[in-house]
Amino acid sequence: MRKASLIQFARQVIKSSSSNCRFFSSSPSNNKLFVAGLSWSVDEKSLKEAFSSFGKVSEVRIMYDKDSGRSRGFGFVNFSSEDEAGSAKDAMDGKAFLGRPLKVSFALDRVNREAMSTRHSNKGTTFSHSR
DNA sequence: GTTGAGCGTT
């Protein structure tokens, strides 16, 4: 048996069980990585360049503050495979990036954009009529 | 010009 097969086996169990994946894997997410401890001057392309060295980065999302426009100091990195995500996490977690110790862990899937807004079917009232 | 644990749409 291979250790890679163990991961694939875990994924099948995750797909089979809707929410019990926490018991089979230490990672709540497969290829989504939560990156914190960043400097406030770090942007998405910098993190992508840093993490793409360990694997194929599919998406990089850094959270910014809408009140000040500056970065909140944390973000998310999506990898093409969980193996690369785990390698990047194991490699970048605890290391330093732009002068600050990096904190990398698996991300919690907070929301799916596909199921986000579809509730605007309510079109009976019109606020534009206020005068 | 600032600050420093965290899990999301800026």
Enquirer: Do A:M63 and A:L38 sit in one hydrophobic cluster, given that two such residues count as connected whenever their side-chain heavy atoms are within less than 4.5 Å of each other, even indirectly?
Expert: no
Enquirer: Tell me which donor-acceptor pairs under 3.5 Å the side chains of residues 46-58 of chain A have, and how far apart each pair is, sequence neighbours excluded?
Expert:
from	atom 1	to	atom 2	distance (Å)
A:S46	OG	A:D43	OD1	2.4
A:K48	NZ	A:V57	O	3.0
A:S52	OG	A:K48	O	2.7
A:S52	OG	A:E49	O	3.2
A:S53	OG	A:E49	O	3.3
A:K56	NZ	A:E84	OE2	2.3

Enquirer: Going by side-chain heavy atoms closer than 4.5 Å, which hydrophobic residues are tied to A:W40, directly or by a chain of links?
Expert: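 Once heavy-atom contacts under 4.5 Å are chained together, A:W40 still belongs with nothing else.
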Enquirer: Report all side-chain donor-acceptor pairs from residues 87-95 of chain A shorter than 3.5 Å, counting only partners two or more places apart or in another chain.
Expert:
from	atom 1	to	atom 2	distance (Å)
A:S87	OG	A:D83	O	2.7
A:D93	OD1	A:V104	N	2.9
A:K95	NZ	A:A91	O	3.4

Enquirer: Select from A:Y64 and A:F74 the residue whose nearest nucleotide in DNA chain B is closer to the 5' end of that strand.
Expert: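 Result of the comparison: A:F74.
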Enquirer: Rounded to the nearest angstrom, tell me the gap between atom CG in A:L33 and atom P in B:dG8.
Expert: 15 Å
Enquirer: List in numerical order all residues of residues 36-47 of chain A for which some heavy atom is under 4.0 Å away from an atom belonging to DNA chain B.
Expert: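 Here the set is A:A36, A:G37, A:L38, A:S39, A:W40.
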Enquirer: Restricting to non-hydrogen atoms, name the atom on A:R61 and the atom on A:E44 that form the minimum distance, rounded to 0.1 Å.
Expert: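 It is CA-OE2, 3.7 Å.
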Enquirer: Please state how far atom CZ in A:R72 lies from atom C1' in B:dG8, giving the value in whole angstrom units.
Expert: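 Distance, rounded to whole Å: 8 Å.
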Enquirer: Nearest-Å distance, NZ (A:K32) to P (B:dG6)?
Expert: 22 Å
Enquirer: Mind running a 4.0 Å heavy-atom check of residues 94-104 of chain A against DNA chain B and sending the residues that fall below it, in number order?
Expert: A:R100, A:K103
Enquirer: Run the ring pair (Phe, Tyr, Trp, His ring centres under 6.0 Å) test against A:F34 and tell me which residues pass, sequence neighbours left out.
Expert: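 A:F74, A:F76.
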Enquirer: Touch check for A:S71, heavy atoms < 4.0 angstrom, all strands: base, sugar-phosphate only, or nothing?
Expert: nothing
Enquirer: Tell me: CE of A:M63 to C1' of B:dT10, nearest whole Å?
Expert: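 That distance rounds to 6 Å.
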Enquirer: At under 4.0 Å, does any side-chain N or O of A:R70 touch on OP1 or OP2 of B:dT2?
Expert: yes
Enquirer: For A:S71 and A:I62, which heavy atoms make the closest approach, and how far apart are they?
Expert: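 Scanning both residues completely, I find the closest heavy atoms to be CB-CG2, 4.3 Å.
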Enquirer: B:dG8 C1' sits how many Å from A:F106 CZ, rounded?
Expert: 18 Å
